[in-house]
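Numbers for residues simply follow the sequence, beginning at 1.
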Amino acid sequence: MHLTNNSKKLLYILYNEYINRRNHNVPAKRAVHFDNAKSVHENFMPDEQLEDVESYMIELENNSFLDNFYADGTIYYCDLTDFAICKMEELPKNTLLSIADFISKFIP
């Protein structure tokens with residue numbers, strides 16, 4: 001992965017949310033779906049600036065981890081890609097556990 005640390009953090013957070021949704025029987029097609037940049041900012045990275053979160057989302061899109069859909073000059077909604085899920089699933093289990101621990105320290 002050639003991502004900045006902040007974009008990686010967002011990817012890990014979104015993937016963790018995807019896994020939580022799947023564990024709660026949300027269908028895969030809905031589990032990958034996230035709302036607009038403002039919602040991602042408020043729900044997953046509230047300590048960051050909205051513009052920064054949108055930049056991370058664009059970086060993830062440019063590296064095939066997100067499909068962003070734009071309207072009114074911002075990200076209207078996005079989907080975690082199959083590529084992103086595959087890349088995250090390829091990580092060793094202990095890496096994912098440490099990521100979950102890492103994320104839990106940043107999200108209340």
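- Atom-to-atom distance recorded for D47:CG and M45:CE is 9.0 Å, nearest 0.5 angstrom.
- Remark: side-chain polar atoms of H41 are not paired, donor with acceptor, to backbone N or O of A37 under 3.5 angstrom.
- Applying the side chain to side chain donor-acceptor pair (under 3.5 Å) test to N36 and every residue at least two apart in sequence or in another chain returns nothing.
- No side-chain heavy atom of E59 sits less than 4.5 Å from a side-chain heavy atom of N62.
- A pairwise comparison of heavy atoms in N68 and C78 identifies OD1-CB, 3.2 Å as the closest pair.
- Y15 is not connected to V26 by any chain of hydrophobic side-chain contacts under 4.5 Å among Ile, Leu, Val, Met, Phe, Trp and Tyr, and they are in different clusters.
- Checked against side chain to side chain contact (heavy atoms under 4.5 Å, CB included), S64 has the following partners two or more places apart in sequence or in another chain: F83.
- Applying the 6.0 Å contact sphere to CG of N23 captures more than 12 heavy atoms from other residues, nucleotides or ligands.
- Under a 4.5 Å side-chain heavy-atom cut-off, the cluster of Ile, Leu, Val, Met, Phe, Trp and Tyr residues that includes F69 is completed by Y76, Y77.
- Annotation: salt bridge (charged side-chain N to carboxylate O under 4.0 Å, His left out) contacts involving residues 13-23, sequence neighbours excluded, comprise E17-R21.
- Using a 4.5 Å heavy-atom cutoff, the side chains of I58 and I75 are in contact.
- Nearest heavy-atom pair across V32 and K29 is CG2-O, 3.4 Å.
- Closest approach of V53 and L10 over heavy atoms only: O-CD2, 4.3 Å.
- Here the closest non-hydrogen pair linking A84 and F65 is CB-O, 3.4 Å.
- Nearest heavy-atom pair, L80 versus I85, reported as atom, atom and distance to 0.1 Å: CD2-CG1, 4.1 Å.
- Using modelled atom types, no side-chain atom of N16 and backbone atom of Y12 make a donor-acceptor pair closer than 3.5 Å.
- Within the structure, side-chain hydrogen bond (donor to acceptor under 3.5 Å, both in side chains) contacts touching residues 48-58 (residues at least two apart or in different chains) are N6-Y56, E48-Y56, E54-T74.
- Cluster annotation: Y70 and M57 are assigned to the same hydrophobic cluster (Ile/Leu/Val/Met/Phe/Trp/Tyr, side-chain heavy-atom contacts under 4.5 Å, transitive).
- Heavy atoms only, all atoms of each residue included: F34 and L14 are closest at CZ-O, 3.5 Å.
- In N20, the CG atom is crowded: over 12 heavy atoms of neighbouring residues, nucleotides or ligands sit closer than 6.0 Å.
- Scanning for side chain to side chain contact (heavy atoms under 4.5 Å, CB included) contacts around D35 gives H33, S39, with sequence neighbours left out.
- A distance of 11.0 Å separates CG of L3 from NZ of K87, quoted to the nearest 0.5 Å.
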